[in-house]
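Throughout, a chain's letter reflects where its sequence line sits, starting with A, and its residues are numbered from 1.
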There are 2 protein chains.
Amino acid sequence: MELLYTGKTKNVFKLEDGHYLLKFKDDVTGENGVFDPGANTVGLTIDGAGLAGLRLTSYFYSKLNEQGVPTHYVDANFDDATMTVKPATVFGKGLEVICRFKAVGSFLRRYGAYVQEGQDLDSFVEVTIKDDDRLDPPISEDALAMLNLLTHEEYAILKQRTIEISTFVGAELAKKGLTLYDIKLEFGRDAQTNEILLIDEISGGNMRAYKGEQYIEPLELEKMMLAE
Amino acid sequence: MELLYTGKTKNVFKLEDGHYLLKFKDDVTGENGVFDPGANTVGLTIDGAGLAGLRLTSYFYSKLNEQGVPTHYVDANFDDATMTVKPATVFGKGLEVICRFKAVGSFLRRYGAYVQEGQDLDSFVEVTIKDDDRLDPPISEDALAMLNLLTHEEYAILKQRTIEISTFVGAELAKKGLTLYDIKLEFGRDAQTNEILLIDEISGGNMRAYKGEQYIEPLELEKMMLAE
């Protein structure tokens with residue numbers, strides 16, 4: 001099993017059947033020991049964080065696959081904290097697609113002159129490029145097209161899928177009395193068919209969830225979501 | 001004559017006939033004594049900078065008015081370094097619309113992973129919000145619409161006018177052997193008719209011009225452009 005990539009929160013291996021294996025680590029993004037889904041550095045290590053992230057990811061992906069949403073998910077092995085996925089290529093060096101239901105985080109930092117903290121944002125979609133050195137800058141549809149990262153047609157697909165998937169995740173959280181403030185998704189192209197797929201994890205580590213006024217930490221969120 | 005607003009490079013007065021009077025100052029934006037059209041602070045004061053900026057602004061606006069492009073320009077008085085304009089309201093607290101022909105400045109800082117310095121950008125348009133505290137963040141068409149700053153229809157007008165005006169300015173520079181790298185325009189709504197107007201100045205202070213590989217300072221640019 002060949003190690004292809006060492007990520008901040010996951011390692012990626014190539015399997016002999018052509019699939020990839022994602023090994024979830026106990027490292028989570030943040031700064032100075034405080035979790036922040038928007039951070040570019042590993043902020044802390046929490047025992048069991050990898051498995052909890054995988055379990056929630058597997059929960060959402062299984063349901064999305066059932067609904068016919070194209071994803072890279074094949075299956076998960078909780079004993080090894082691994083997930084088998086279809087190989088996919090990312091757009092450029094990777095894009096993050098954010099869906100916002102409430103104004104917090106970098107959106108609030110940028111547009112605080114026009115929004116109140118926590119204001120409703122009606123499933124607002126924006127894209128950032130993955131670039132740690134440049135602090136993941138936001139990028140417009142026109143710039144994505146000009147830089148040959150996404151065509152306008154692909155952008156429309158990404159935006160529509162992002163709203164659909166994020167709204168589904170928000171509805172799942174709502175069943176447990178939780179509110180989804182924002183979520184960060186990743187997409188790629190199926191290495192075989194070129195179809196646009198949802199990739200990476202969907203866990204506490206890439207969303208902000210609240211119960212009333214109370215922010216819910218990723219590990220706590222995963223417990224609440226997976227409780228019988 | 002009532003002083004309405006004290007800007008970084010201009011003061012704005014209200015005239016008795018309802019028009020506004022812009023008084024150009026000798027202050028230019030920059031940092032640590034170096035001119036930077038993208039800067040938010042007054043970096044230096046240059047004798048004659050205000051009048052030179054007004055003369056070039058008047059040159060471009062006269063031609064744009066002749067071509068039927070809707071602008072706020074009425075006339076200019078070089079003795080007083082003032083320009084008379086129609087009153088206009090800005091979008092929110094003001095937007096800047098940037099047209100880029102070459103990758104430099106903040107575009108290069110954001111997207112340097114995908115572009116080379118000086119690479120052609122094909123009249124790429126982007127919008128930033130005027131917000132000194134938040135360093136004039138870029139904002140997407142969707143965010144402008146969601147925050148009620150511009151409708152999608154208004155965005156389309158702004159984008160098309162920006163390309164048209166910037167291409168015209170670029171062609172004027174080309175007549176003098178100069179290349180326009182990028183330009184920052186401002187638009188507002190006619191206080192009477194609500195029509196979208198080009199507002200503010202069009203001078204060396206809001207564009208980057210090069211002669212070959214050599215960047216041309218605003219005052220030098222104004223001399224070169226207005227030389228017989």
Applying side chain to side chain donor-acceptor pair (under 3.5 Å), which residue pairs with at least one partner in residues 87-100 of chain A are found, sequence neighbours left out?
R100(A)-S106(A), R100(A)-E126(A), R100(A)-D182(A)
Winner by heavy-atom pair count (cut-off under 4.5 Å) against chain B, out of V125(A), I139(A), V127(A), L135(A):
I139(A)
Got a second to check how far E141(A)'s CD is from E141(B)'s CD, nearest 0.5 Å?
7.5 Å
Flag side-chain contact, heavy atom, 4.5 Å: D142(A) against K159(B)
yes
Would you indicate whether Y215(B), at its atom OH, is surrounded by more than 12 heavy atoms from other residues, nucleotides or ligands within a distance under 6.0 Å?
yes
With a 4.5 angstrom heavy-atom cut-off, could you sort out which part of D131(B) is near chain A: side chain, backbone, both or neither?
side chain
Tell me if the NZ atom of K14(A) is crowded by more than 12 foreign heavy atoms within 6.0 Å.
no
Y111(B) and its side-chain contact (heavy atoms from CB on, under 4.5 Å) partner, picked from L147(A), L149(A), L144(A):
L147(A)
Nearest heavy-atom neighbours spanning Y114(B) and F91(A)
OH-O, 4.2 Å
All heavy atoms of F124(B) vs all of S140(A), minimum pair found to be CZ-OG, 3.9 Å
When rounded to the nearest 0.5 Å, the distance separating CE of M146(B) from CG of D122(A) is 8.0 Å
What pairs with D133(A) under side-chain hydrogen bond (donor to acceptor under 3.5 Å, both in side chains), at least two apart in sequence or on another chain?
none
Heavy atoms only: give me the nearest R134(B)-R109(A) pair and the separation to one decimal.
CD-O, 3.0 Å
